[in-house]
Amino acid sequence: MHKSNLNIIDLTGKRFSELLVLELDSKKQVTHANGKKKNIYYWKCRCDCGKEVIKNGDSLRRGHTKSCGCANIKSHAGPKIKDLTGKRFGKLLVLEFVDKKRTISKKGYRNTNVYWKCKCDCGKEVIRLGDSLKIGATKSCGCNKKYKELIEYNKKTIFKEGTNLSSLNSAINNSSTTKVRGVSFSKARNKYMASIVIKGKRYNLGSYTNVEDAINARKEAEKKYYKPILEKYNYKKCKKVIENEEEFE
């Protein structure tokens, strides 16, 4: 060490938290408001992260400086990441950790966003934010959203005037004894009964000995009740009619 520096405290080789002092770098003289002059010594240090920096000796000895700056970043990294691997959130099964990103909000708050690879029950794999999974904001790969969109589509294009337009196009009813919609056989009367439902109201179309007569009565009623509303809304075909939400949940 130079003779002019004999009175300073040699910090070479000393460790201050994550910093190892390598050598004296420079000296700067400052004048205080009362006129007194003071020498400020700066030391070259190597941080545990590998970075070399120049730091104020007084700050090192007083514990004000503990790293090259990486310690400040670590202090804002938030709590230890909770492992979500193998956990289920709605239709999503968490497969593995993907990435962690730090962001700063407009108000200056530091946030840590953790991303996970998930597999949806529909088979699709997606990357999702951990916080969104934990608070229930994300429950699927997006197929639930498609379900909601389909419901809205159905409401706008299929359900008119209290009537499901798609049901008006269906002529087959597997639950009926005749397999024809609106035509059934009554054992009590020993006759074929014809009926039609429109806007929630059922209209009896009579009873018939011959099934063909009952079917013809039904077809004539469809022309009278169904055809006008189908033509009014120019309804031909829908995407899909949702009858049971469990199909998507």
Side-chain angles (χ1 to χ4, degrees), residues 16-20 45-53 63-170 174 233-249:
F16 299 91
S17 191
E18 297 185 38
L19 292 172
L20 175 66
C45 308
R46 180 183 293 118
C47 184
D48 287 347
C49 72
K51 185 177 180 180
E52 291 189 359
V53 289
H64 296 164
T65 302
K66 297 181 179 181
S67 73
C68 68
C70 59
N72 293 331
I73 297 174
K74 293 175 183 177
S75 66
H76 292 287
K80 185 179 179 181
I81 297 174
K82 182 178 180 180
D83 189 10
L84 302 182
T85 305
K87 294 187 180 297
R88 174 171 286 278
F89 300 90
K91 298 174 68 175
L92 294 173
L93 176 66
V94 181
L95 300 179
E96 60 183 359
F97 168 79
V98 174
D99 194 13
K100 179 176 70 173
K101 295 181 180 179
R102 298 187 182 94
T103 59
I104 301 177
S105 68
K106 293 181 179 179
K107 294 184 178 180
Y109 297 112
R110 294 174 182 262
N111 300 310
T112 301
N113 296 324
V114 184
Y115 295 89
W116 302 84
K117 179 187 285 188
C118 308
K119 186 173 184 179
C120 185
D121 288 346
C122 71
K124 185 177 180 180
E125 291 187 0
V126 290
I127 306 299
R128 290 292 181 257
L129 183 63
D131 286 345
S132 295
L133 292 169
K134 287 185 284 186
I135 66 175
T138 301
K139 297 181 179 180
S140 74
C141 68
C143 54
N144 279 351
K145 182 180 179 182
K146 292 177 183 177
Y147 163 75
K148 292 177 181 178
E149 290 175 349
L150 195 54
I151 287 293
E152 289 302 314
Y153 171 84
N154 286 343
K155 286 181 180 178
K156 292 178 181 178
T157 61
I158 296 175
F159 297 96
K160 301 291 183 180
E161 300 180 25
T163 301
N164 183 340
L165 300 184
S166 67
S167 67
L168 306 188
N169 279 345
S170 177
N174 291 326
Y233 293 101
N234 193 28
Y235 180 82
K236 294 180 181 179
K237 189 178 181 181
C238 67
K239 289 183 179 179
K240 182 176 182 180
V241 179
I242 304 301
E243 296 180 350
N244 188 355
E245 187 172 340
E246 293 180 357
E247 178 183 352
F248 281 82
E249 292 300 330

Item to check | Listed partners of Phe97 passing ring pair (Phe, Tyr, Trp, His ring centres under 6.0 Å), at least two apart | outcome: Trp116

Next on the checklist: Please give me the minimum heavy-atom distance between Gly130 and Leu84, naming the atom from each residue.
Outcome noted: CA-CD1, 4.1 Å

Checklist entry - For Glu52, what residues pass the salt bridge (Lys or Arg N to Asp or Glu O under 4.0 Å) criterion, not counting sequence neighbours? => result Arg46

Item to check | Considering all heavy atoms, the nearest Val94-Cys118 contact | outcome: CG2-SG, 4.0 Å

Next on the checklist: For the CG atom of Asp99 and the CG atom of Leu129, what is their distance to the nearest 0.5 Å?
Outcome noted: 11.0 Å

Checklist outcome for this item: Residues passing the salt bridge (Lys or Arg N to Asp or Glu O under 4.0 Å) test with Lys134, sequence neighbours excluded, are Asp131

Next on the checklist: Quick check for you: to the nearest 0.5 Å, what is the distance between Ser67 atom OG and Lys51 atom NZ?
Outcome noted: 9.5 Å

Next on the checklist: Once rounded to the nearest 0.5 Å, what's the spacing between atom NZ of Lys91 and atom SG of Cys141?
Outcome noted: 6.5 Å

Item to check | side chain to side chain donor-acceptor pair (under 3.5 Å) against Thr85, all qualifying residues, sequence neighbours excluded | outcome: Asp83

Checklist entry - What are the two closest heavy atoms between Cys68 and Leu19, and how far apart are they? => result N-CD2, 3.9 Å

Checklist entry - Does Ser17 have any side chain to side chain contact (heavy atoms under 4.5 Å, CB included) partners at least two apart in sequence or in another chain, and if so, which? => result Lys66

Item to check | Partners passing side chain to side chain contact (heavy atoms under 4.5 Å, CB included) against Glu96 (at least two apart in sequence or in another chain) | outcome: Lys117

